[in-house]
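Each remark here refers to the structure printed beneath this line.
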Amino acid sequence: MTYAAITGWGKCMPPAVLTNADLATFLDTDDEWIVSRTGMRERRVSHVSAIEMATVASQRALACAGLKADDIDLIVYGSCSNDEQVPNCASGVQVLIGATNAASMDLNTACTSFLYGLSTATAMIRTGSVRTAIVIGVELITPYMDWTNRNVAVLFGDGAAAVVLQASDRKEGLLGEQLGCYADARQILRVRGMGCSYANRGVQYGDTLWDFDGQEIFKRAVKGMAQASEKVLAKCGVTPDQIDLVVPHQANLRIIEAVARHAHIPMEKVFLTVQRYGNMSAATVPVALVEALEEGRVKPGSLLLMPGFGGGLTLCSHLVRWGDRVTPLATSDAELPPCPRSALELVNEIRAAKTAGGASEAALMNTRFVEAGTRA
Ligand code: UT7
């Protein structure tokens, strides 16, 4: 039996930090509400495209695995905030890292895109169709945010991370997963303006309106992640006390606490980033995984549970056996260009463009990101 070992990992966090106090300068909100309802204190705002963040994360993951770009057979780019639809974004990363032998695909299941990507790439390695893959979770949400809507504007942030998978005879990497989707409730988490179907309904591309039923999403998120976790543990014959670390999707601290309670796993075994990064959608789980490794929370042979939830409403839980190595083989000197502005200045720039010029200005802004991202 062939397995897909995780042999490289890297993240790329944009440096500009948006605090709760920053949000309160233009929204009717405050630190006390945001912290008590979500656990979030800060999130990041990117000054570069998603492809650029994904590229730096991938270069760091490659160095960590001790591989060269042309060793890669497949790039899976998990995201719902793509810089472009055609050409796909994975090919943008491919050309920037120089992975000349790779196939490249984008995968969008919203916040669960990285985990669904992990399933996809692992399955392709198991069948022998590829031997080495990069799986990316990346999100550039801030240009698509409706900054007038306090229900959602406080929750999300930008970021990226990637892992390298390599075929292995040892029983490690993804051992099993439970995937699912509450499609009957797909309308309760919808961003109008990120697709073409709104053009005739008064919402232009780049000018977004968020349909977001927070309380219903909350309930479904807890139920979905708890049930998926229970099922994957049962399928793999694992009991909750055998889990060494939970690396969950981080949409809300209270959701994570409820899932851990349902799964009978103490919070000391749950890795948290929500307070520093908010919800980065597809980037959330891989960034948390990388930081758990950096902080020594993943040990050789650790058993990891990764529950996820997102738009669709997609849900999943993944069980991963870590291999022997928890330190990078090498490091990369890849860096983002310096950020000349504060996070609040970046957000105010987006807000001004949306207010002044409506959709066309916002779309123009997205174009600026795209051009940066496709710089070869
Ligand atoms: O990745 C998957 C996608 N997202 C999620 O999983 C998010 C799931 N949902 C949640 O995390 C929570 O439901 C929220 C954080 C979105 C909201 O928390 P809540 O405890 O469910 O609050 P609520 O919706 O019951 O709202 C309570 C009040 C409302 O005021 P009224 O109607 O009681 O007067 C809101 O208008 O809080 C108000 N409110 C705010 N107040 C200050 C909503 N957003 C804010 C805000 N600042 N940012």
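Just so it is clear, the values below take in all heavy atoms, side chains as well, and ignore hydrogens, waters and symmetry mates. Counting starts at 1 for both ligands and their atoms, in listed order.
Taking the ring centre of Tyr182 as origin, the terminal cationic atom of Arg220 falls inside the region bounded by 6.0 Å and 45° from the ring axis.
A donor-acceptor distance shorter than 3.5 angstrom exists from the side chain of Arg43 to the backbone of Leu18, with no hydrogens or angles considered. Between the side chain of Arg321 and the backbone N or O of Gly301 there is at least one donor-acceptor pair closer than 3.5 Å. Judged purely by atom type and a 3.5 angstrom limit, Thr122 has no side-chain atom pairing as donor or acceptor with the backbone of Ser119. Panel note: side chain Gln250, backbone Val274; a donor-acceptor pair is recorded below 3.5 Å.
Considering Lys231, Lys235, Gln227 in turn, Lys235 is the only one that fulfils the side-chain hydrogen bond (donor to acceptor under 3.5 Å, both in side chains) rule with Gln178. Tested against Tyr77 for a side chain to side chain contact (heavy atoms under 4.5 Å, CB included), the candidates Asn88, Ile51, Leu107 yield a single pass: Ile51.
Contacts between Leu27 and ligand 1, counted as non-hydrogen atom pairs separated by less than 4.0 Å, are absent for every part of the residue. Counting heavy atoms closer than 4.0 Å to ligand 1, residue Thr29 contributes atoms from both its backbone and its side chain. Contacts with ligand 1 closer than 4.0 Å are made by side-chain heavy atoms of Cys111 only, the backbone lying farther away. Contacts between Ile255 and ligand 1 below 4.0 angstrom, taking non-hydrogen atoms only, involve the side chain exclusively.
Here the heavy atom of the protein found nearest to atom 26 (O) of ligand 1 is Arg37 NH1, 4.0 Å. Atom 36 (O) of ligand 1 has its closest protein heavy atom at Arg150 NH2, 3.1 Å. Looking only at protein heavy atoms, the nearest one to atom 3 (C) of ligand 1 is Leu189 CD1, 3.6 Å. Of all protein heavy atoms, the one lying nearest to atom 23 (P) of ligand 1 is Gln215 NE2, 3.5 Å.
Environment of CG in Asp333: sparse, with no more than 12 heavy atoms of neighbouring residues, nucleotides or ligands closer than 6.0 Å. Annotation: Arg254, atom CZ; neighbour count of heavy atoms from other residues, nucleotides and ligands within 6.0 Å is above 12.
Which parts of ligand 1 touch Thr38 is read off a 4.0 Å heavy-atom cut-off, strictly below it: atoms 15 (C). Near Asn252, meaning under 4.0 Å from one of its heavy atoms, ligand 1 places the atoms 10 (C), 11 (O), 12 (C), 15 (C). Within ligand 1, the atoms closer than 4.0 Å to a non-hydrogen atom of Arg254 are 18 (O), 19 (P), 20 (O), numbered from 1 in the order shown. Heavy-atom proximity to Val154, at under 4.0 Å, picks out these atoms of ligand 1: 48 (N).
Under a 4.0 Å N-O distance rule, the pair Lys299/Asp244 does not qualify as a salt bridge.
Looking only at atom types and distance, the side chain of Thr142 has a donor-acceptor partner in the side chain of Asp158 under 3.5 Å away.
Counting heavy atoms only, Asn151 comes closest to atom 43 (C) of ligand 1 of the residues Val152, Leu23, Asn151. Across the listed options Trp33, Phe156, Phe212, Phe212 owns the non-hydrogen atom lying nearest to atom 7 (C) of ligand 1.
Ring geometry for Phe26 versus Trp147: interplanar angle over 60°, hence perpendicular rather than tilted (30 to 60°).
For atom 10 (C) of ligand 1, the protein comes within 4.0 Å by at least one heavy atom. Within the 4.0 angstrom cut-off, atom 33 (O) of ligand 1 has no protein heavy-atom neighbours. Per-atom contact check: atom 1 (O) of ligand 1 touches the protein, criterion being a heavy-atom distance below 4.0 Å. In this structure, atom 13 (O) of ligand 1 has a protein heavy-atom contact shorter than 4.0 Å.
At least one N or O atom of Gly214, backbone or side chain, sits closer than 3.5 Å to an N or O atom of ligand 1. For ligand 1, one of its N or O atoms has an N or O atom of Asn279 under 3.5 Å away.
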